[in-house]
2 protein chains.
Amino acid sequence: MRYRRVPDETIRRLPKYLRALLLLMDRGQKTVSSVALADLMGGNPGRVRKDFSYFGGFGKRGFGYDVETLAGEIRKILRLNVVNKAALVGVGNLGRAILAFPSLKKYGFEIVAAFDNDPKKIGEKAGGIVIEHISQICDLEQRGVYVGIIAVPRQAAQQTADDLLEAGVRGIVKFSQGYITVPKRVKVITIDIAMDFARLPYYMPRSPSRAAAFRRTGSL
Amino acid sequence: MRYRRVPDETIRRLPKYLRALLLLMDRGQKTVSSVALADLMGGNPGRVRKDFSYFGGFGKRGFGYDVETLAGEIRKILRLNVVNKAALVGVGNLGRAILAFPSLKKYGFEIVAAFDNDPKKIGEKAGGIVIEHISQICDLEQRGVYVGIIAVPRQAAQQTADDLLEAGVRGIVKFSQGYITVPKRVKVITIDIAMDFARLPYYMPRSPSRAAAFRRTGSL
DNA sequence: CGCTGTGAAGTGCTTCACAGCC
DNA sequence: GGCTGTGAAGCACTTCACAGCG
């Protein structure tokens with residue numbers, strides 16, 4: 001597929017469209033209009049149509065979009081239509097939470113290996129996976145693993161990234177705080193929930209909201 | 001403080017500036033230039049200066065920014081300079097991970113109450129907090145709690161939001177999957193790590209990256 | 001002289017409005 | 001008639017480049 005220049009913002013929304021579509025499928029809804037989708041996602045219907053138009057457009061005029069088809073197309077674009085095997089490094093509290101996180105599987109991710117440097121944890125099982133020693137990170141590529149997940153203390157983040165890349169990983173999800181440097185063709189996604197929390201107080205009203213509590217607007 | 005119209009994108013970056021500054025403080029660095037900050041954050045130095053200029057500008061010409069002062073100003077803008085008490089609803093795996101998450105405290109958040117509907121969990125301690133029954137969510141406002149954290153199964157998300165708002169909460173961080181509807185003055189931040197994972201395969205190279213593994217560019 | 005603060009220019013995303021199909 | 005697909009207009013953020021101050 002050759003697409004015309006797709007805005008990063010559009011790519012950022014695709015997973016959210018997919019989430020909405022999965023919800024609609026759960027509800028047994030077969031078809032959806034750009035207006036209904038925009039409503040669910042909180043946005044403009046035109047933007048919904050434009051987002052899909054970058055890939056050629058998936059709808060039928062007069063009908064809307066077939067929910068299942070659209071979900072399939074988005075999965076193809078994002079390459080979630082195949083299983084993406086991942087390796088986790090750092091099996092602390094956070095690592096265990098990630099291993100136990102149910103919805104990753106829904107989006108095609110499967111954590112197939114877990115590494116730690118604590119000798120006491122080696123051989124132990126977490127989330128159905130045997131924990132291996134960090135020194136065993138090598139040839140992840142041969143094991144079909146292209147995604148690395150970093151959940152180590154921040155001092156170890158760079159070393160872990162280097163090890164993962166050396167083992168053949170092509171993309172990284174980093175939960176650790178420290179900064180890391182990687183070759184530019186490797187994509188790193190940083191997840192830090194504190195960054196999201198930190199935006200909240202700025203937007204909170206200074207006076208109570210109870211009075212208005214049941215005048216609802218928009219969905220999230 | 002009355003600021004001229006501040007872009008949402010700028011607000012979104014403020015927590016990241018703060019994180020970078022905390023790192024610099026750890027390193028004992030007293031002062032920083034817009035170039036150095038842009039370098040750490042991955043962006044343009046002009047943007048750094050413009051971001052701060054929306055609030056009047058915090059630097060000294062010829063010197064740069066005083067790390068500690070700048071961190072303090074950002075905390076004030078984001079209202080992280082006071083303790084933000086939060087209540088967690090849903091003490092499952094995810095809820096416990098949130099309770100154990102260390103860096104929330106660094107940004108001024110303190111989870112002071114935890115609720116669940118499972119009778120077996122009531123009275124139990126998690127993260128140093130006694131778990132209360134959901135029916136006890138009331139007058140959180142009187143307890144000084146303005147932030148609600150939703151970590152319940154998605155079917156219960158809307159009811160939980162209603163309960164939290166009724167109890168006087170003014171802002172919500174939602175980890176649950178379901179959509180919720182709230183009055184528009186209430187800010188809801190949705191965190192779904194699967195959405196971040198789902199962007200990764202799109203950006204990953206199709207061929208191995210090992211060859212280039214040590215030609216590093218940019219920090220994250 | 002160095003580095004910030006900022007209007008002005010540039011860029012990219014969003015919204016609009018309507019043509020095009022089903 | 002209904003709803004998508006899309007060029008064009010509008011808007012917001014980013015980048016530039018230089019004036020201004022320490």
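Every chain is numbered from 1, with letters handed out A, B, ... down the list of sequences.
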Original post:
Are a donor atom and an acceptor atom from the side chains of A:Tyr146 and A:Asn84 found within less than 3.5 Å of each other?
Top reply: no

**OP:** Under the side-chain contact (heavy atoms from CB on, under 4.5 Å) rule, collect the residues that match up with A:Ser33, sequence neighbours excluded.
**Re:** A:Val35, A:Ala36

Nearest whole angstrom, please: distance from the [atom2] of [N] to the [atom1] of [X].
X       : N      : atom1 : atom2 : value
A:Arg61 : D:dG2  : CZ    : C1'   : 12 Å
A:Tyr54 : D:dT4  : OH    : P     : 17 Å
A:Glu9  : C:dT11 : CD    : P     : 19 Å
B:Lys60 : C:dC1  : NZ    : C1'   : 18 Å
B:Ile11 : D:dC13 : CD1   : C1'   : 14 Å
B:Tyr17 : C:dT4  : OH    : C1'   : 14 Å
B:Asn44 : C:dA9  : CG    : P     : 18 Å
B:Arg49 : D:dA17 : CZ    : P     : 12 Å

Subject >> N-O pairing of A:Arg19 and B:Asp192 below 4.0 Å >> reply: yes

Subject >> Salt-bridge contact B:Arg199-A:Asp8 (side-chain N to carboxylate O under 4.0 Å) >> reply: no

N/O (side chain, [X]) to phosphate O (OP1/OP2, [N]) under 4.0 Å:
X       : N     : result
B:Ser33 : C:dC3 : no
B:Ser34 : C:dC3 : no
B:Tyr65 : C:dG5 : yes

**OP:** Assign A:Arg13 to base, sugar-phosphate, or nothing according to its heavy-atom contacts below 4.0 angstrom with the strands shown.
**Re:** sugar-phosphate

**OP:** Please figure out whether A:Gly46 or B:Gly62 has its closest DNA chain C nucleotide nearer the 5' end.
**Re:** B:Gly62

